[in-house]
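First comes the structure, then the notes that go with it.
Because the structure is predicted, anything quoted here is derived from the model rather than measured. The analysis underlying the following values was restricted to heavy atoms, covering all of them including side chains, and did not include hydrogens, waters or symmetry mates. Reminder, nothing fancy here: chain letters follow the sequence lines and each chain counts from 1.
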Amino acid sequence: MKTFTGNYFEDFELGQVITHGTPRTITQGDNSLYIALTGSRYCIHSAEPVARALGFEHMPVDNFLAFHIAFGKTVPDISLNAVANLGYAEVLFRKPLYAGDTLFVESKVIGLKENSNGKSGIVYVHSIAKDQNLDVAIEWKRWVMVHKRDTSATTELNSTPDLPKHVSAEKLSIPAQLNFSEFEPRLSGSHDLWDDYNIGEEIDHIDGLTIDESDHTLATKLYQNNAKVHFNAFEMKSTPGGKRLMYGGHVISVCRALSHNGLANALYVSAINGGTHANPTYAGDTIYAQSQVIDKWQVDSDSHIGAIRVRTVGMKNTKPSDLPSIMVEKEGKQRYHPQVVLDLDYTLLMPIR
Amino acid sequence: MKTFTGNYFEDFELGQVITHGTPRTITQGDNSLYIALTGSRYCIHSAEPVARALGFEHMPVDNFLAFHIAFGKTVPDISLNAVANLGYAEVLFRKPLYAGDTLFVESKVIGLKENSNGKSGIVYVHSIAKDQNLDVAIEWKRWVMVHKRDTSATTELNSTPDLPKHVSAEKLSIPAQLNFSEFEPRLSGSHDLWDDYNIGEEIDHIDGLTIDESDHTLATKLYQNNAKVHFNAFEMKSTPGGKRLMYGGHVISVCRALSHNGLANALYVSAINGGTHANPTYAGDTIYAQSQVIDKWQVDSDSHIGAIRVRTVGMKNTKPSDLPSIMVEKEGKQRYHPQVVLDLDYTLLMPIR
Amino acid sequence: MKTFTGNYFEDFELGQVITHGTPRTITQGDNSLYIALTGSRYCIHSAEPVARALGFEHMPVDNFLAFHIAFGKTVPDISLNAVANLGYAEVLFRKPLYAGDTLFVESKVIGLKENSNGKSGIVYVHSIAKDQNLDVAIEWKRWVMVHKRDTSATTELNSTPDLPKHVSAEKLSIPAQLNFSEFEPRLSGSHDLWDDYNIGEEIDHIDGLTIDESDHTLATKLYQNNAKVHFNAFEMKSTPGGKRLMYGGHVISVCRALSHNGLANALYVSAINGGTHANPTYAGDTIYAQSQVIDKWQVDSDSHIGAIRVRTVGMKNTKPSDLPSIMVEKEGKQRYHPQVVLDLDYTLLMPIR
């Protein structure tokens, strides 16, 4: 067989390292497309002089753009036969990425646990995207439920890694030379800085963005993510949803873009603590987002860098103010409200006044 | 409140200067997207050697692309609560822009006039986009009708600026080093030069272009214009149009692209004298354009530069030859035919034979 | 008339050379858009270091992207009044193209044959795209059926060129410095090299990709191809198909992208031997592809370069495994199955182990 139909649960083994195909050089073309696809307005990804004034070598590409590209590389080997993407942990943005940088991605299998029904299992991987100098640029852990090839035999695999609930302050990689002391808030469109946010504070980002079929498929193809659920309308007709499913990463990017209105000075995504794609999203859905500040701390007072840990919840076809609650009880269990599509916990760097 | 719901009529004051957020570095990615979004075929924005042979430092980006980006910056502060974009005047392209240039945009309030109904007022602004060297790259005046925050109290504001009907020849900025003497018409696809156009001449540009939902939303997000009428299908359902409204600037760009067939050698947009978005445009509409030469003059005979002032009228779902008239009488008033969507008056530079 | 309605059969003469308008500088923006539009995952167009390690100066743009751009230039002059694009022959990719290169395109009329019905004729052209140094980058022959202007008079033109069925091995241009000896298959996602393919072998590429209205129109506008059948929904309503027709070149690109799964190491498109757009494709169609190896030979053993000649058949809304046959008999003639949309014969360079 010359074609590849993806790995099944039995194809993975603990400690195995997989080098993913198609390394990817990120270009200004990707950056422009990302702005067109999301409407993102964060100043460091839009203006070279603004980025340089803060110590970046150039205008960095959005860390979510880089993450989606790196993540896309892992799809053919890790999740082509996934039943579900279950979660992320410890997504670390270890250095800013610029147009011209190339990502080489590999994954190590760090856990394997067969499901009790014998039909599938959970694969835990630690993925690392290195740049052309072999410096680690992004790393993350994720776990996916993957079909078994042979449901009649049991593997008895039952190994799960320890995964932290969130990235601790010491684990954050602060870009070398980063200095927010000369930051001019008028260049971002908001005067609210790190000092102005309080733990527990909730922000309704107000705006909504409708995503069409070409938008999400262009984005996902740009990331070279080849999971067929996003692209093949012909085969998706016979699935319960009946149509192409939107890549959850695009929903993350749209929520991040929408949250500019309220978090315009949360300039740099430093880590993702965890994330859940709570419900599917389809073309035609209008996405809204709301955020809550769940922690904040000073990173470096000389360079005026603060960190803010935020939980952003994305929802479809309802304003945040009209959603009765994020969780609802169903059959005695707490579940996400059916219009909630994303629950993301991430850490951002923000200037201190 | 961390989120920004836009300024209301009472929030503006005469002489106020607003620095807009998110300066923007223009890249080759933007240029490629602009070609993909409009189908534009003007040679100086498509081919580096052609542009250089005419004295440009590099291939300049389309002045309409640069204008839409600069304009987009002003939306959050000026027109988020606009009832209507009423008009433009004196849009001056003061220097060519190249990939790598960054636009910083600010606006000065030059007029404020409350409407007699007490519900809204007209805000006049003079907006300036400077490049990274703080040279003025683009400037323009526009006026928008903006909601009042408090309709019970009158502001008695009644100041309107003097705005010229068109940009006079002396006010045009001719790019330094520009020289059309070596221009080869075969590179543009048309042999018609400045000499061949007559004042009063009408050109039916023949071709039509259908605009889909992703096209106009990608364009408008690329410009980082965040006016929600363009993006939020969920909320637009309850408006009279029932759906997302196309950004009028995208219609301008499509009409300019269509007018290549008939004005291929009108190489460089030097000024917009005025413009009206006559009727709304929605996804699925097919746009056509026709032009009339309303003036022409020699700019510089040594460098073979002529100017041509053109009125381009855009229309939807009708060929220009099938439109009975641009204006129709309704209730005793001259109004635009309901299929006319754009009335643009602009000045272009064209080689003299 | 300032507008151009295209050439009719009588407007062409044997030996005539036409310089096409709008030379085009290819940029990284085009490359990113091409990835977003097709989902292509070939490593040499995705990663600068991978391309350089094989001897390319930089990451070359996909030869199909370059071809579509070059082809688009010829449309206004050659095929605006085409009844049908009948075929291609001897499409030669003479040198790799990089971001920053500019294509200047001209066509020579090499055959003219009036149809017996007197209504149209076949125009054969040899088109050449040169770069900014006037080196030939791409050349090809194609023939199109073009309407006559005057169907009452006969031209008696009856000249057809000799066109080879395929490009012979000696005619291939192998990029200078190209060396596959250091190629690492793990970077492409497949371990199958030239050695592993057998003449006659069939590959079902498995995956399907649905193309939406904005996808194909963005692609075709990016190529500055202005054939109105692709863009004008208003006028296409009154045609038999009732809607916009997809540019066949985009179907080629999608089939090439899909064939990554099975031909991931067929790194470089060296020539197109011939191609037929068997049936029309419309927005909403899901495209699948299957390939057959029809020849293979060593190009250079020192540099580990092999050639593989492949026939790729594209089809819509059916998996290759469900298509009964490529050809079906209709009224005693062998015709393409109505779901077959592309029959492409091309030659690719592939590393030898």
Side-chain angles (χ1 to χ4, degrees), chain A residues 27-43 45-51 58-59 99 184-190 192 196-197 201 203-215 217-218 257 259-264 284-288 291 316-319, chain B residues 1-6 18-34 36-37 69 72-73 75-77 80 99-104 106 131-133 212-228 230-237 243-244 283:
Chain A
T27 71
Q28 290 297 9
D30 299 320
N31 199 48
S32 289
L33 263 165
Y34 191 77
I35 291 175
L37 289 161
T38 64
S40 176
R41 295 185 287 140
Y42 290 97
C43 58
H45 312 303
S46 297
E48 176 88 9
V50 174
H58 295 286
M59 183 168 77
E184 299 183 62
R186 69 198 176 98
L187 296 184
S188 74
S190 164
D192 293 312
D196 304 309
Y197 290 84
E201 181 176 353
I203 303 159
D204 171 348
H205 298 298
I206 307 175
D207 306 310
L209 182 78
T210 305
I211 305 176
D212 298 292
E213 211 72 88
S214 284
D215 302 350
T217 55
L218 284 171
S259 67
H260 182 272
N261 194 353
L263 285 166
D285 284 341
T286 300
I287 304 297
Y288 289 86
S291 296
K316 59 181 178 185
N317 309 323
T318 177
K319 294 184 186 189
Chain B
M1 279 284 286
K2 293 291 191 311
T3 48
F4 186 58
T5 54
I18 301 167
T19 300
H20 305 297
T22 315
R24 177 72 143 71
T25 303
I26 305 174
T27 71
Q28 290 297 9
D30 299 320
N31 199 47
S32 288
L33 263 165
Y34 191 77
L37 290 162
I69 288 175
K73 303 296 154 211
V75 167
D77 301 305
L80 216 54
D101 283 343
T102 302
L103 295 178
F104 295 80
E106 60 183 38
D131 70 10
Q132 62 280 6
N133 304 315
D212 298 292
E213 211 73 89
S214 284
D215 303 348
H216 78 88
T217 55
L218 284 171
T220 312
K221 287 181 287 184
L222 181 67
Y223 309 142
Q224 298 176 310
N225 177 330
N226 69 327
K228 70 181 176 184
H230 309 310
F231 302 119
N232 192 322
F234 179 72
E235 293 184 33
M236 291 306 284
K237 262 191 293 190
K243 49 193 167 177
R244 285 170 282 177

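With chain B as partner, the option from S190(A), S46(A), A264(A), G208(A) having the largest number of non-hydrogen pairs under 4.5 angstrom is S46(A). Taking P23(B), A219(B), G21(B) one by one and counting their heavy-atom pairs under 4.5 Å with chain A, the maximum is reached by P23(B). Ranking C43(A), S259(A), S214(A), A257(A) against chain B, the residue ahead of the rest is S214(A), based on heavy-atom pairs under 4.5 Å. When each of I287(A), D215(A), N261(A) is scored by its heavy-atom pairs under 4.5 Å with chain B, the top score falls to N261(A). Considering only heavy-atom pairs separated by less than 4.5 Å from chain B, the leading option among G189(A), A99(A), A47(A) is A47(A).
Of the atoms belonging to L218(A), it is side-chain heavy atoms, and not backbone ones, that fall under 4.5 Å from chain B. For S188(A), the part lying under 4.5 angstrom from a heavy atom of chain B is the backbone only. Within the 4.5 angstrom heavy-atom criterion, only side-chain atoms of H260(A), from C-beta onward, approach chain B. F104(B) touches chain A through its side chain: at least one heavy atom from C-beta onward sits under 4.5 Å away, while N, CA, C and O do not. Only the backbone of S40(A) comes within contact range of chain B, with heavy atoms under 4.5 Å apart. Neither the backbone nor the side chain of Y34(A) comes within contact range of chain B, judged by heavy atoms closer than 4.5 Å. Residue contact with chain B, scored on non-hydrogen atoms closer than 4.5 Å, involves the backbone of T38(A) exclusively.
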- Task: Show the numbers, then the answer: is there a side chain to side chain contact (heavy atoms under 4.5 Å, CB included) between T27(B) and N31(A)?
- Result: CA-CA 9 Å; T27(B) 71; N31(A) 199 48; 5.6 Å; no
- Item | Audit row: E184(A), T19(B), side chain to side chain contact (heavy atoms under 4.5 Å, CB included) steps and yes/no | CA-CA 11 Å; E184(A) 299 183 62; T19(B) 300; over 6 Å; no
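We find the CE-OG1 distance between M236(B) and T286(A) to be 11.5 Å, quoted to the nearest 0.5 Å. Atom OH in Y223(B) sits 13.0 Å away from atom CD1 in I35(A) (nearest 0.5 Å). To the nearest 0.5 Å, atom CZ of residue R41(A) and atom CZ of residue R24(B) are 12.5 Å apart. To the nearest 0.5 Å, the span separating OG1 on T22(B) from CG on L187(A) amounts to 9.0 Å.
Looking only at distances, a side-chain donor or acceptor of K2(B) sits under 3.5 Å from a matching main-chain atom of D196(A). For Q224(B) (side chain) and G39(A) (main-chain N/O), no donor-acceptor pair under 3.5 Å exists by modelled atom type.
Nearest heavy-atom pair, P49(A) versus Q132(B), reported as atom, atom and distance to 0.1 Å: CG-CB, 4.3 Å. Looking at every heavy atom in both residues, T217(B) comes nearest to D212(A) through OG1-OD2, 4.2 Å. Nearest heavy-atom pair, L209(A) versus K221(B), reported as atom, atom and distance to 0.1 Å: CD1-CD, 3.9 Å.
With S32(A) as the partner, the side chain to side chain contact (heavy atoms under 4.5 Å, CB included) test is satisfied by one option alone out of I26(B), T25(B), L33(B): L33(B).
With sequence neighbours left out, the salt bridge (charged side-chain N to carboxylate O under 4.0 Å, His left out) criterion links D207(A) to no other residue. Looking at residues two or more places apart in sequence or on another chain, you find a side chain to side chain contact (heavy atoms under 4.5 Å, CB included) between A283(B) and E213(B), H216(B).
In this structure, I206(A) and T5(B) have side chains that are in contact, with non-hydrogen atoms separated by less than 4.5 Å.
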